[in-house]
**Q** 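Once you've had a glance at the structure underneath, I'll fire off some questions.
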Amino acid sequence: MRGFLPDETRISQVHLRTARLERALGFYSAVLGLKASIGPGAQAILSAMPKTPGLLVLSEDRNASPRLPGSTGLYHFALRYPTRNDLAQAYRRIVKASYPVEGASDHGVSEAIYLADPDGNGVELYTDRSRSSWRWQNGQIAMVTTPLDLDNFLATIPAKTAITEPRPQIDLGHIHLHVKDLDAAERFYSEFLGLGVTQRSYPGALFFAADGYHHHIGVNVWAGQRLPPANSVGLVSYRMEVPVAEILYCLSHRAPLLGCEAQMELQEQGNRILQVRDPNGNWLQVQASENAAIAGPGSLWGGCPEEGKRLTHLPGKRSNNRLKIEL
């Protein structure tokens, strides 16, 4: 199933609660090379380069409880590297720091290395293969999970090559969540949010994306149905950025129709963020991108859905992202 959100939709930020900020920064800064900006209230913002948008926000709570086994929440968030060489350089940093790697996989569409941060949050580092090599079968992206030979991967960089700093093109490629129920997740991420289901053949999992990508959000029921304590370490919120400002208002109108808790907030910079509670109690933040288009008269996004109306996707060219509003 294809969604109706524009192709430029992306995951832009993840907010985590940590029990020890200094310990977490030892991983994200010293091992991964992200640049930290320390904010008020024992908070840090981590970016690929100084003065670039924050990819990760860490908030310290010394009284935070550990996340209980078998509970919902973050499975992993994924830092996406622009090239295979950039990912290999990141792996060299990990090896030099003697930090443990939990796994490495070739997914066909991407190559990935898996770690856990000091609080136990899953972190994926990956690079995409060329989109021209991706395979789609019956409307679903063909993904596999085979071992990635890390020794061979590291050998792609000459041994005496200096370790380079992360490049500003590093971004957040996707987020993967443990959820209570797949049907509820599909209603939220697809019917409400407008992402398409790109893969449903993995047992106990679903993958969602704006048109054209393998997945921006993945969900699974592998951990169980227990909700974590409110002050436990782990996921606080995650942010999705959209390229058309009116999408925020369309979603805010749709939220009560589908029983979603939502609130619009005005930030100090004048930007608006729509906060929506996902089915597992986490806040999904939806924000318009810095250069977001403004829908004019006759635009597809110019009229938000009202009571008793629903959005459906019209067949056609993907770049058109066409919608119709039906009574």
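Since the model is a prediction, treat every value here as computed from it, not as a measurement. Atoms considered below: every heavy atom in the structure, side chains included; atoms not considered: hydrogens, waters and symmetry mates.
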**Q** Roughly how far apart are Asp86 CG and Leu79 CG, rounded to 0.5 Å?
**A**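 Answer for the CG-CG pair, Asp86 versus Leu79, is 12.5 Å.
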**Q** Check each of Phe77, Tyr126, Tyr75, Phe207 against His174 using the ring-ring contact (aromatic ring centres under 6.0 Å, His included) test, and report the only one that passes.
**A**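 Testing each of Phe77, Tyr126, Tyr75, Phe207 against His174, the sole residue satisfying ring-ring contact (aromatic ring centres under 6.0 Å, His included) is Tyr126.
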**Q** If you group Ile, Leu, Val, Met, Phe, Trp and Tyr by side-chain heavy-atom gaps below 4.5 Å, do Trp134 and Ile217 land in one group?
**A**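 No, it is not one cluster - the side chains of Trp134 and Ile217 are not joined through contacts under 4.5 Å.
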**Q** Does any part of the side chain of His76, heavy atoms only, come nearer than 4.5 Å to the side chain of Leu115, both counted from C-beta?
**A**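 Leu115 does not reach His76 side chain to side chain.
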**Q** Rounded to the nearest 0.5 Å, what separates atom CD in Gln13 from atom CG in Leu172?
**A**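 The CG atom of Leu172 is 8.5 Å from CD of Gln13, to the nearest 0.5 Å.
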**Q** Do the side chains of His178 and Arg67 get nearer than 4.5 Å, heavy atoms only?
**A**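 They are in contact (side-chain heavy atoms under 4.5 Å apart), so the answer is yes.
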**Q** Whether the Glu265 and Gln263 side chains hold a donor-acceptor pair (N or O, under 3.5 Å, no angle test) is what I'd like checked.
**A**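 The criterion, which ignores hydrogens and geometry beyond distance, is satisfied for Gln263 and Glu265.
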**Q** Report the C-alpha separation of Ile247 and Leu5 in whole Å, then their side-chain angles, then the decisive distance to 0.1 Å, and conclude whether the side-chain contact (heavy atoms from CB on, under 4.5 Å) test is met.
**A** CA-CA 9 Å; Ile247 292 175; Leu5 286 177; 4.0 Å; yes
**Q** Any chance you could measure Leu56, atom CG, to Tyr238, atom OH, to the nearest 0.5 Å?
**A**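 Output value for this atom pair is 15.5 Å.
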**Q** Would Glu186 and Phe208 count as a side-chain contact (heavy atoms from CB on, under 4.5 Å) if you check the C-alpha gap in whole Å, the side-chain angles of each, and the deciding distance to 0.1 Å?
**A** CA-CA 9 Å; Glu186 185 168 354; Phe208 306 93; 4.3 Å; yes
**Q** Do Trp136 side-chain atoms and Thr198 backbone N/O form a donor-acceptor pair below 3.5 Å?
**A**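 Pair absent, no side-chain N/O of Trp136 close to backbone of Thr198.
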**Q** Determine the minimum heavy-atom distance between Ala24 and Thr18, stating which atoms define it.
**A**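 Taking Ala24 first and Thr18 second, the nearest heavy atoms are CB-OG1, 3.7 Å.
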**Q** Less than 3.5 Å apart, any donor N or O on the side chain of Asp117 or Tyr28 sitting next to an acceptor on the other?
**A**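 Checked: Asp117/Tyr28 side chains pair up, N/O donor to acceptor below 3.5 Å.
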**Q** Is the shortest heavy-atom distance from the side chain of Tyr213 to the side chain of Arg131 under 4.5 Å?
**A**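 Result yes, sub-4.5 Å side-chain heavy-atom pair found.
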**Q** Quick check on Arg135: does its CZ atom have over 12 non-hydrogen neighbours (other residues, nucleotides or ligands) under 6.0 Å away?
**A**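 No, CZ of Arg135 has 12 or fewer neighbouring heavy atoms, counting only those of other groups under 6.0 Å.
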**Q** Under the 4.5 Å side-chain heavy-atom rule for ILVMFWY, direct or indirect, which residues accompany Ile45?
**A**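 In the cluster with Ile45 are Val57.
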**Q** Are a donor atom and an acceptor atom from the side chains of His214 and Asp128 found within less than 3.5 Å of each other?
**A**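 Present: a donor and an acceptor within the cut-off.
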**Q** Search all heavy atoms of Gln287 against all heavy atoms of Leu248 and return the closest pair with its distance.
**A**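 Looking at all heavy atoms of both residues, the closest pair is C-CD1, 3.9 Å.
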**Q** For Arg239 and Glu241, what are the C-alpha separation, side-chain angles and deciding distance, and is it a salt bridge (charged side-chain N to carboxylate O under 4.0 Å, His left out)?
**A** CA-CA 7 Å; Arg239 183 173 297 179; Glu241 197 170 276; over 6 Å; no
**Q** So, Gln43 and Ser59: side-chain donor and acceptor under 3.5 Å apart, yes or no?
**A**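 Indeed, the side chains of Gln43 and Ser59 share at least one donor-acceptor pair under 3.5 Å.
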**Q** Give the cluster check for Leu258 versus Leu251: same hydrophobic cluster or not, with ILVMFWY residues linked at side-chain heavy-atom distances below 4.5 Å.
**A**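 Linked, Leu258 and Leu251 end up in one cluster.
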**Q** Looking only at non-hydrogen atoms, find the nearest pair between Ala245 and Ala288 and report the distance.
**A**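 The answer is CA-CB, 3.9 Å.
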**Q** Are more than 12 heavy atoms, taken from residues, nucleotides or ligands other than Lys35, located less than 6.0 Å from that residue's NZ atom?
**A**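 Enclosed.
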**Q** Give me the ring orientation class for Tyr114 and His107: parallel if the planes are under 30° apart, tilted from 30 to 60°, perpendicular past 60°.
**A**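 It falls in the perpendicular class, over 60°.
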**Q** Examine distances only and state if a side-chain atom of Asn280 and a backbone atom of Asn282 form a donor-acceptor pair shorter than 3.5 Å.
**A**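 A pair under 3.5 Å: no.
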**Q** With the 4.5 Å side-chain cut-off for hydrophobic clustering, are Val221 and Leu235 part of the same group?
**A**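 In one cluster: yes.
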**Q** Mind checking the OH-CG spacing from Tyr81 to Leu87? Nearest 0.5 Å is all I need.
**A**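 Those atoms lie 7.0 Å apart.
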**Q** To the nearest 0.5 Å, how far apart are OG in Ser289 and CD in Glu8?
**A**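 Separation between the atoms: 8.5 Å.
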**Q** Provide the closest heavy-atom pair for Ser232 versus Pro66 in the form atom of the first, atom of the second, distance.
**A**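 It is CB-O, 4.1 Å.
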**Q** Answer yes or no: is there a side-chain heavy-atom contact under 4.5 Å between Ile175 and Leu177?
**A**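 A side-chain contact under 4.5 Å exists here.
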**Q** Give me the atom names and distance for the closest heavy-atom approach of Pro256 to Ser252.
**A**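 For Pro256 and Ser252, the tightest heavy-atom pair comes out as CD-O, 3.2 Å.
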**Q** Within the structure provided, determine whether Met240 and His216 are in side-chain contact (heavy-atom separation under 4.5 Å).
**A**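 Not in contact.
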**Q** Before you tell me yes or no, could you show the steps for Leu227 and Lys180 under side-chain contact (heavy atoms from CB on, under 4.5 Å), namely the whole-Å CA-CA distance, both residues' side-chain angles and the distance that decides it to 0.1 Å?
**A** CA-CA 8 Å; Leu227 293 176; Lys180 292 175 61 177; 3.9 Å; yes
**Q** Could you grab the distance from atom CG of Asp149 to atom CD of Glu111, nearest 0.5 Å is fine?
**A**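 Reported to 0.5 Å precision, the distance equals 11.0 Å.
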**Q** Within a radius of less than 6.0 Å around CD of Glu22, do more than 12 heavy atoms belonging to other residues, nucleotides or ligands occur?
**A**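 Counting other residues, nucleotides and ligands, CD of Glu22 stays at 12 neighbours or fewer.
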**Q** Please report the shortest heavy-atom distance between Ala223 and Ser71, naming the atom on each side.
**A**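 Looks like CB-O, 3.6 Å.
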**Q** Hey, is the main chain of Arg200 close enough, under 3.5 Å, to the side chain of Gln140 for a donor-acceptor pair?
**A**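 Confirmed, Gln140 side chain pairs with Arg200 backbone.
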**Q** Is the shortest heavy-atom distance from the side chain of Leu74 to the side chain of Leu16 under 4.5 Å?
**A**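 Yes; the side chains approach each other to less than 4.5 Å.
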**Q** If two hydrophobic side chains count as joined below 4.5 Å and joins carry through other members, does Ile170 share a cluster with Leu25?
**A**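 In one cluster with Ile170: Leu25, yes.
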**Q** What I'd like to find out is whether the side chain of Val123 reaches to under 4.5 Å of the side chain of Leu125, using heavy atoms alone.
**A**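 Yes, close enough: below the 4.5 Å cut-off.
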**Q** Sequence neighbours excluded, which residues qualify as salt bridge (charged side-chain N to carboxylate O under 4.0 Å, His left out) partners of Arg17?
**A**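 Arg17 satisfies salt bridge (charged side-chain N to carboxylate O under 4.0 Å, His left out) with no residue once adjacent residues are dropped.
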**Q** Could Arg62 and Glu60 be called an ion pair, given the rule that one side-chain N must be under 4.0 Å from one carboxylate O?
**A**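 Judged by the 4.0 Å cut-off on N to carboxylate O distance, Arg62 and Glu60 do form a salt bridge.
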**Q** Can a donor-acceptor pair be found between the side chains of Asn220 and Tyr202 at a distance below 3.5 Å?
**A**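 No.
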**Q** With a 4.5 Å limit on heavy-atom distance, are the side chains of Arg129 and Val109 in contact?
**A**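 SC-SC contact between Arg129 and Val109 ruled out.
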**Q** Just do the side-chain contact (heavy atoms from CB on, under 4.5 Å) check on Val179 and Leu206 with the steps written out, would you?
**A** CA-CA 10 Å; Val179 301; Leu206 288 172; over 6 Å; no
**Q** Between Tyr249 and Arg272, is there a side-chain donor-acceptor contact under 3.5 Å, judged purely by atom types and distance?
**A**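 Indeed, the side chains of Arg272 and Tyr249 share at least one donor-acceptor pair under 3.5 Å.
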**Q** Within a reach of under 6.0 Å around CD of Gln137, are more than 12 heavy atoms found that belong to other residues, nucleotides or ligands?
**A**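 Buried by this count: over 12 neighbours within 6.0 Å.
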**Q** Hydrophobic clustering (ILVMFWY, side-chain heavy atoms < 4.5 Å, transitive) - are Val286 and Ile273 grouped together?
**A**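 No; Val286 is not reachable from Ile273 via cluster members.
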